[in-house]
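The next block holds one structure in the form of structure tokens; read it before the comments.
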Protein chains: 2
Amino acid sequence: MELGVFEDKFEESYKRNEFITFFCKCKIVYSGRAEASLGKGDRLVSVKQDGTIFVHQPEGGNPINYMKSGGSIVIIKQDYGVLFKAHNSATREYLELEISRVYEFMARKLDDGQKQIIAGTEADMSDMIKDNPSLINDDFKPLSREEHTKFGFIDVFGHDKKGTLVVVECKRYVAGLDAVQQLRRYVEKIKELKGTDKVSGILASPKISPNAEAMLKNWGFSWKLVNPPMRLIRHNKTQKALDAFLS
Amino acid sequence: MELGVFEDKFEESYKRNEFITFFCKCKIVYSGRAEASLGKGDRLVSVKQDGTIFVHQPEGGNPINYMKSGGSIVIIKQDYGVLFKAHNSATREYLELEISRVYEFMARKLDDGQKQIIAGTEADMSDMIKDNPSLINDDFKPLSREEHTKFGFIDVFGHDKKGTLVVVECKRYVAGLDAVQQLRRYVEKIKELKGTDKVSGILASPKISPNAEAMLKNWGFSWKLVNPPMRLIRHNKTQKALDAFLS
DNA sequence: TACTACATCTCGCAT
DNA sequence: ATGCGAGGTGTAGTA
């Protein structure tokens, strides 16, 4: 595409707050929370309707460069082509694309008021545990869930028949050292606040790393295998399918 | 765009491993690490040359749905339009788009062999501290940097004139409770390994949260204000510019 | 491959 | 606004 045409189209679409996206060859410089530069290559550039910008290389999961909404973009003609300057004065970030060619260009006003509904999160997991406390222990009595305190928030909090307080930390996948320390912090704080040593800590997750398990035991905590709700279903399904297949 | 045309174009471009991107109206279902659904709306859909997929709503920084490379895509004609089915058998993930309209379509083979050069990371920060130990303390002698051990890796490790071992943990932005606990873990492990209590912990960051600072002091550690290298330069530049402006 | 920690993380929620 | 933790986190680096 001729760069003059690109300039005009971009200006017009940008003014209208359209979703703009184009393939181009460019060099990139970013300055802000870090400093980054990227030599000349072909990329996809998108400008969303709220001003969010992202640049994708032909491969890889993440944008190579991006800017959050709240900035402004100007297009300036240069001898080598076109300079695409994005600036966010609030965050003092710059993103500059030295565009030497534009291959294809699309822009359109998109209409979408939908929000995603999601299941199988850590919150669902703590819900499940509160509703089915035997997943943790036969005499576990949950009292609260997702309780925010000033030192963090506790996924599930309760006690057992002997009156020992119980703190449960959930992880939806492999629990690592960080999860153990999170649990440790909560248990210590509860002990401090309640003035008792009778507080037990339980880590609930589908897996735990060996180092994390060692540290957990070292601190007198325990681990309970719990799958996040939908993962459990899927796993069972798969198991059955596998069992049937193998039998 | 007529959906039959879209089907043909998509099939052809997908076969050629081109970077495909289009605006469409669709409903979305995801199943895999969680279960998610999203009602009908206008979105940008992209398929990268390695098979990475992402779907963007008109606003917001992150893709609302995505799939990593390694899967496959099929397009199936339906009464309501076209079903876009992405499946990754290795991870057992599905992403299905019920596409009712396609507004615009682009596809092209992009050529890009460049890798981004970046400065101002935490690694740069620990480099800077190792080269300028006075940023931490006048008698700090660094011994190693980014040392990986089996219990974690320590950003900067050294000692002072009195022979006390020193562990430095860097954070490029606000240090929170997690950073303090990370430091705590390293210090405890070093004490255990060396069989000494003479190990001090220092957290180096541009900021620290109040709770984190309280916890830090409670554990006998200390905080040192250190900016990541490029942030320091920018800040000083800005300060000068502001001073000049205000004077 | 598994584990660990960083990320221009982003995002939401509660204080 | 800030603090805090989750995320379908992703990604790199190392054992």
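Any value given below was found using the heavy atoms of this structure, including those in side chains, with hydrogens, waters and symmetry copies removed. By convention in this document, chain letters (A, B, ...) are assigned in the order of the sequence lines, proteins followed by strands, and residues within each chain are numbered from 1.
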Task: Comparing A:Leu95 and A:Phe153 on DNA chain C - which has the more 5′ nearest nucleotide - done: A:Leu95
Short side-chain N/O contact from [X] to OP1 or OP2 of [N], under 4.0 Å:
X: A:Thr91; N: C:dT8; answer: no
X: A:Lys207; N: C:dC3; answer: no
X: A:Lys171; N: D:dG7; answer: no
X: A:Gln116; N: D:dG8; answer: no
X: B:Arg185; N: C:dA5; answer: yes
X: A:Thr121; N: D:dG8; answer: no
X: A:Tyr173; N: D:dG7; answer: no
X: A:Gln182; N: D:dA6; answer: yes
X: B:Tyr186; N: C:dA5; answer: yes
X: A:Lys68; N: C:dT8; answer: no
X: A:Asn62; N: C:dA7; answer: no
X: A:Arg33; N: C:dT10; answer: yes

Task: Spatial distance of atom CD (B:Gln49) from atom CG (B:Asp112) [nearest 0.5 Å] - done: 9.5 Å
- [ ] Using a heavy-atom cut-off of under 4.0 Å over every strand shown, decide if B:Glu213 touches base, sugar-phosphate, or nothing.
- [x] nothing
Open item on the list: Regarding B:Asp178, tell me which of base, sugar-phosphate or nothing describes its non-hydrogen contacts under 4.0 Å with the strands shown.
Closed with: nothing
- [ ] Please determine, for the side chain of B:Asp155, which listed nucleotide (D:dA6, D:dG8, C:dC6) has the closest atom?
- [x] C:dC6
Task: Distance, rounded to the nearest Å, where A:Asn65 contributes CG and C:dA7 contributes P - done: 16 Å
Open item on the list: Counting the benzene-type ring for Trp, do B:Tyr94 and B:Tyr30 have ring centres under 6.0 Å apart?
Closed with: no
Task: Pair A:His159 + A:Phe140: ring centers closer than 6.0 Å - done: no
TODO: Salt-bridge test for B:Arg184 and A:Glu188: reply yes if a basic N is under 4.0 Å from a carboxylate O, no otherwise.
DONE: yes
Task: Lys/Arg-Asp/Glu bridge criterion (N-O < 4.0 Å) met for A:Glu147, A:Arg145 - done: no
Task: Whichever of B:Ala212 and A:Glu122 has its nearest DNA chain D nucleotide further upstream toward 5' - done: B:Ala212
- [ ] For C:dA5 versus D:dG8, give the span between their P atoms, rounded off to a whole number of Å.
- [x] 22 Å
TODO: Considering only atom P, compute the distance from C:dT4 to C:dT8 and round it to an integer number of Å.
DONE: 22 Å
